[in-house]
Every structure is written in C-alpha cells, then in structure tokens.
Amino acid sequence: MLIARTISEINSYRPRQQKYIIALVPTMGAIHQGHISLIERARKECDRVIVSIFVNPLQFSPTEDLAEYPRQLETDCELCEKLGVDLVFAPTPEVMGIAGDTSIQPLTTTVIPPVSMTSGLCGKYRPGHFQGVATIVTKLFNIIRPDRAYFGQKDAQQLAIIRRLVSDLNIPVKIVGCPIIRESSGLALSSRNQYLTAEEKEQGVNIYSSLKQAAIAFYQGEKLASKLTGIVKDNLTTVSEIETQYIELVDPKTLEPLENVESTGLLAVAVYLGNTRLIDNIILRQPIVAIDGPAGAGKSTVTRRVAEQLGLLYLDTGAMYRAVTWLVTNSNIDVNDEEKIADLVKGVKIDLIPSESSDLPVEVYVNGQEVTKPIRTPEVTANVSTIAAQSAVREELVTIQQSYGKKGGIIAEGRDIGTNVFPDAELKIFLTASPSERARRRLLDLQNQGYQNIDLGELEREIVERDAKDSTRAIDPLKKAHDAIEIMTDNLTIEAVINKIVQLYQRSFFI
Ligand code: PAF
C-alpha cells in the first residue's frame, strides 16, 4: 500500500491508473467500522481504492473540537493496508493550501452549497460547516479525480449536499451512499462514540429506538411530520441525560422541511449526551423486502405471491436481465462482445408494469417496446446468464433497480439483493433448501414436463456445483446478508413459506 503526502505524489500515481475504476473514500481518520464498510464496498466495486485521511480545519468552528479530534494515522494506515486499500492520501493542511487560523479569514476559495440545504438540520447549529466540507471535498475530487466516491448515510445532510455539489458543478464522479452501521444495541457508529462512557452508550441506544418508534407509526399510516417528530421527542425525553438539539423531517434529496411524508422523508436528530454531540437518522419510505438464496429454493414463486398479498411491487430483476439479453440478441450483437453490449446497455430504459394477477408475469418494456413474451424464448433463456455476468450490464441494471427502490414499497429476489442492490432493505430474507431437497423438487418439475429416467444423484451434484459457482463468482456472488433472516424450506410447503414472510413483514412494521 502506498502512502502519499503530497499532491505531486498523487499526480505521479494517478495517470498510471488510467484504465482502472478508482474509488475514493474520504475520511478524517480515526477509522471505525462505519468507514470500514465504505472501504469494503469500494474494494468490491472498484479496481483501485484510495482513502484520504485529513482532519479538515475548514469544517470545524472555533468552538468545536479540532484540536481534540482523534488523530491516529499509523493505526489507520495499518487498518487500510489490511483492508486492501491501494493508496492512503494523508496531506497536511499546508499541502491542502489551508494552513493557518481558519477562524480569522477564509483561507481559500470557498464552495457554498445552496442555503436551502445548509440552513436546517446540523447546518443551523454549525455555521460554515458544510461550506468547509463542500470545499475540501471539491479539492479532493480535483486532486484525485476518482470515478466513484463513497459516503455514509449517517451524515445524511453531507451526502445530499455532496450529491448536489457534483451535479451543480459537473464533477464527473459517481457518489455512492452507504447504509448506517450500528452497534448491536442500535447506536450508530461514529468517531465520537469513543468519548462516551459505558453509561452514556447505554443511554444513547434511545436515539435510534426513538427514530424507530416514529418509523413504526409511519408504517402504520402516520404521514404528518409534526406527529412523527413528536413521537421522537416523546421517546427521547424518557432518558433525561439526552439533550435534544433538533428533530427534523425533511426531503432526503433537497433537505427542504416536509409537512407530510408523501413518498419518502429523512427523519434526523442531533442530541447531546454529556459533552458529546451525536447525530442519527432514518429514511421513512414504504419498506423494501429483499429475498436472496440459491437457485431452486423457490424464490420467484414465493416473491410473486408475497408481493400480491402485501401490495408491494414485485421488482422482477430476472426479467430485467432477460430484457437486456433480448435487446442484445435482437440487435445482432454477439453475447460475448462485452464492449458493444456495454455501449448498448448505457442509458437503457426498462419499465416493469405489475400484472393484474400473480399468475401472470410483470409486463416488461425495453426502450419503450413491450417484450413480456419475447424475453421468455429459449434463445433468451440460453443466453441470459452470460449477459447477467457482465459487469457493465449489472451496473446499469442495479442503478435502475435502485431507482425503483427510492420510494420503497417493493420486493425483489435474487442472489445479491440484500447485500448489493438494497443493502438498506427493511426486511431481508435468505430463502434456502438443502441440495437434496432442491434436487427432489427439480426432479418432480422435470417429470411433470414429461422427462423420464432422470438421475437424482446427478441433479444433486449439479446443484452443489452451481451453488459453489454462484457463491464464488467474482461479480455479485450469492451471499447471505448479516442481517438476513434465514428460512430453510425443506419441510415447508410454499403456502407455509409465504405465510412466514408475510408474518415477518407484519411483525416488523405493523405491530
Ligand atoms: O465525513 C467526513 O468524515 C468528512 O466530512 C469528509 C467527507 C471526509 C470531509 O472532510
């Protein structure tokens, strides 16, 4: 792993990486599990991972803890090395061109985000903070020129401002927002947690549980912001040591205050526990249910039926890969010509329209043309796994799937839905069955289709082989999310599995 301290070191490193996808994970050091999750995600999705470690004076006000902010460069670098980081950029304030007393004068050209995005939430209590963040992040983007940059949803206001910044200033970087990482108690991880006593940590658990109480009310139909913030307030006041700074409900993208949550809302709080300021938030939206599991576990039937019972949109990701496969074969492009396919798939428009009955597949449109039937031909079936293994295709489709997910209210099945497509899904299920059971079901299936003399042992061997292939493939392997609930379906009927999922959903959101 390289450690760069100067811009010229970056300038000699960067051009050598021209053909790679470069990730930047900007940090102020004191790397904890939250940062680690960003680095791991970047490692998985990109060829080169750069972590910047810079305690940015521009984002601290004179009364804030700049001097006391934890600095542990050596430990951080060791951790980065273990995580497979390629380069740590650890400049001094001089290198970043902002040495001196930042409280006296602006030391550099300043990036000022729209006032509407900085006047509420933390911005109200930390004047100048987001200008400091926006300025340093712009500088980091210009110095490193990453293809992607990873930020945590924990700092939701920062994330929304940075998304707006790159859009407004046409900075060619994709911003990837990553879910909040919590202790098992629910306390969101933060560098500042190290200032908390054991007792304060226990009291801090109340922050997330208060947000969750409001989320439950939202799932039960409460849309009024004043009611939802009131629930958080009432719950927070049950712990007298917590001093609330703000509780706000805003649009997650524009950060404008909401009176009602029509589709999505960002419910955010800042509190003091002793001298430590803690922030946390939750996105209110209709839930997303992610169902993953090995081939042959009955995912698609179960998902379709659960969607119907719960009134969720069935996001048929398999149909999306079929739609692209149809597009490729229909455009007379060789299914192995990854370059041409990458061009073809860029900006592809895929629409799924729910069918009227769960017995019928969703209607599928690709670039405006209906392809519901043509995507089920043997030609498409034979080629879909080749197309679905291509990274350009997966990337484009995951982006489309995630845009469906923005409003929530969907259920999707696959192999990496809960780990990759919707890592922040409210309910994650891992549906599985033993290889022998899946072989038995496949045998029945084939016999029903009129096939005879099938060797059950051979079927089981094929299934074991496919499992191994699916869980070790380089791109988006089959993986059980750490927070998924496993359902082993060996001794369960389809009805029993469906009931179990419906109950889990109702228990999570409506009781
Ligand atoms: O989130 C942080 O740690 C900082 O605000 C950032 C993005 C590294 C900018 O200094």
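In listed order, ligands and their atoms are each counted from 1.
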Min over K139, Q158, M28 of heavy-atom distance to atom 7 (C) of ligand 1 lands on Q158
Please tabulate, one pair per line, all N/O donor-acceptor pairs under 3.5 Å involving side-chain atoms of residues 255-267, not counting sequence neighbours.
none

So the atoms of ligand 1 within less than 4.0 Å of a heavy atom of I136 turn out to be 9 (C), 10 (O)
In ligand 1, the atoms that come under 4.0 Å of a heavy atom of P26 are 8 (C)
Here the side-chain hydrogen bond (donor to acceptor under 3.5 Å, both in side chains) pairs for residues 402-415, sequence neighbours left out, are Y314-E413, R415-D470
Legend entry - Check ion pair D416-R394 (N to O, under 4.0 angstrom): yes
| said: Any salt bridge linking K19 with D47? Criterion: basic side-chain nitrogen under 4.0 Å from a carboxylate oxygen. | reply: no
heavy-atom search around atom 10 (O) of ligand 1 in the protein gives Q59 OE1, 2.7 Å
Ligand 1 to T27, heavy atom cutoff 4.0 Å, flagged ligand atoms 8 (C)
Output, in order, the C-alpha distance, side-chain angles, deciding distance and verdict of side-chain hydrogen bond (donor to acceptor under 3.5 Å, both in side chains) for Y150 and E45. CA-CA 11 Å; Y150 291 75; E45 295 179 354; 2.7 Å; yes
